[in-house]
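So that the names make sense, note that chain A is the first sequence line, chain B the second, and so on, each numbered from 1. Reckoned from all heavy atoms, side chains included, excluding hydrogens, waters and symmetry mates. These numbers were taken from a predicted model, which means no experiment stands behind them.
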There are 2 protein chains.
Amino acid sequence: MAFGNYIRKLREEKQLLLREVASQMSIDTALLSKIERGTRIARKEQVEDLAEALNESENELLKLWMADKIVKMIKDESNSTEILKKAEEEIKNLTNKKQ
Amino acid sequence: MAFGNYIRKLREEKQLLLREVASQMSIDTALLSKIERGTRIARKEQVEDLAEALNESENELLKLWMADKIVKMIKDESNSTEILKKAEEEIKNLTNKKQ
DNA sequence: TTTTGACTTGTCAATATCTGTCTAATGTAA
DNA sequence: TTACATTAGACAGATATTGACAAGTCAAAA
């Protein structure tokens, strides 16, 4: 499930209004609406604020948010899976080198 | 191998100079130098030009270039592998839905 | 039906980031 | 030294992102 849909679901489960959450995040309801609908990408600090406002794990939300950004980036490529595989491979190499 | 290192290797194997390749790409040598060293990210058209100038597969270079962008994005995250896994999962869902 | 409240959309100015080039510096081989 | 390849830093212009506002839709209540 895309990041936006996910946080909308969370918000609705907790029966919070856009304006309540947006206010806690110090942003306009319009902006939060767009984030939930996926027409705007949240900034990292906003994801952190969201975790706070929704009482959810910041790490987990950040993870979904980043995954979402990756998906947006490559979803229209025919070889998106290969791209991810290559990225994974590179990451593995990096972490080995780091040690 | 990171995108920049890779195209540098290709260029050196073919014994081409920065200024030769850069000229074919219609950019400054300084810019190509930075791209090869990874301090600047190439634009998509530049990758296409590179494929042409180096006589390499455009698709393959684009794939490596995108993978590189993903790596740059998440390499400092402790859970980078999880992020990739999540992205892969989402991509899978998307392609199923599309049909 | 009007009103109300939640949400959505389009637009805009301000800001931030990116882009490519220029110049000067560094490295290196003859 | 000289000549040439490459790199670093700084800059202006181009492009993208940001958040807010105002006006819109929609459904339920009055």
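Taking 4.5 Å as the limit, some side-chain heavy atom of A:Thr81 sits within range of a side-chain heavy atom of A:Lys85.
One can place CD1 of B:Ile35 at 14 Å from P of C:dC18, the figure rounded to the nearest angstrom. Distance A:Ile41 CD1 to D:dT18 C1': 12 Å, rounded to the nearest Å. Nucleotide D:dT6 holds its P atom 12 Å from the CD atom of B:Gln15, rounded to whole Å. Atom pair B:Asp28:CG and D:dT6:C1' shows a separation of 11 Å (rounding to whole Å applied). Summarising the geometry, the separation between CZ on B:Arg11 and C1' on D:dT7 is reported as 12 Å, rounded to the nearest angstrom. At whole-Å resolution of the value, CG in B:Leu32 and P in D:dA5 are 14 Å apart. In this structure, NZ of B:Lys44 is placed 19 Å from P of C:dC18, rounded to the nearest angstrom. Following rounding to the nearest Å, B:Leu17 (CG) and C:dG27 (P) show an atom-to-atom distance of 20 Å.
Across C:dT21, C:dT19, C:dC7, the shortest atom-to-atom separation from the side chain of B:Arg43 is found for C:dT19. Closest contact between the side chain of A:Lys34 and the listed nucleotides C:dG20, C:dT21, D:dA20 involves D:dA20. For B:Leu31, whose side chain is taken as the heavy atoms from C-beta onward, the closest listed nucleotide among D:dA22, C:dT21, D:dT6 is C:dT21. Considering only the side chain of B:Ile27, C:dT21 comes nearest among D:dA5, C:dT21, D:dG19. Candidate nucleotides D:dG19, C:dT8, D:dT6 were compared by shortest atom distance to the side chain of A:Arg37, and C:dT8 ranks first. The side chain of B:Arg40 sits closest to D:dA10 out of C:dT8, C:dG5, D:dA10. Here the side chain of A:Arg19 is nearest to one of C:dA6, D:dC4, C:dC7, namely C:dA6. Of the candidate nucleotides D:dT6, C:dT9, D:dT7, D:dT7 has the atom nearest to the side chain of B:Ser33. You'll find that the side chain of B:Leu18 is closest to D:dT6, out of C:dT8, D:dT6, C:dG5.
With respect to the salt-bridge test (charged N to carboxylate O, under 4.0 angstrom), the residues B:Lys86 and B:Glu89 qualify. Ionic pairing of B:Lys14 and B:Glu20 is not present here: no N-O contact between side-chain nitrogen and carboxylate oxygen is shorter than 4.0 angstrom.
Counting non-hydrogen atoms under 4.0 angstrom, A:Gln46 reaches the backbone sugars and phosphates but no base. As judged by a 4.0 angstrom heavy-atom cut-off over every strand, A:Glu45 is placed among residues making no nucleic acid contact.
Hydrophobic clustering (ILVMFWY, side-chain heavy atoms < 4.5 Å, transitive): B:Leu84 and A:Leu94 are in one cluster.
Each of B:Glu52, B:Gln46, B:Lys44 was compared with B:Glu48 under the side-chain contact (heavy atoms from CB on, under 4.5 Å) criterion, and only B:Lys44 meets it.
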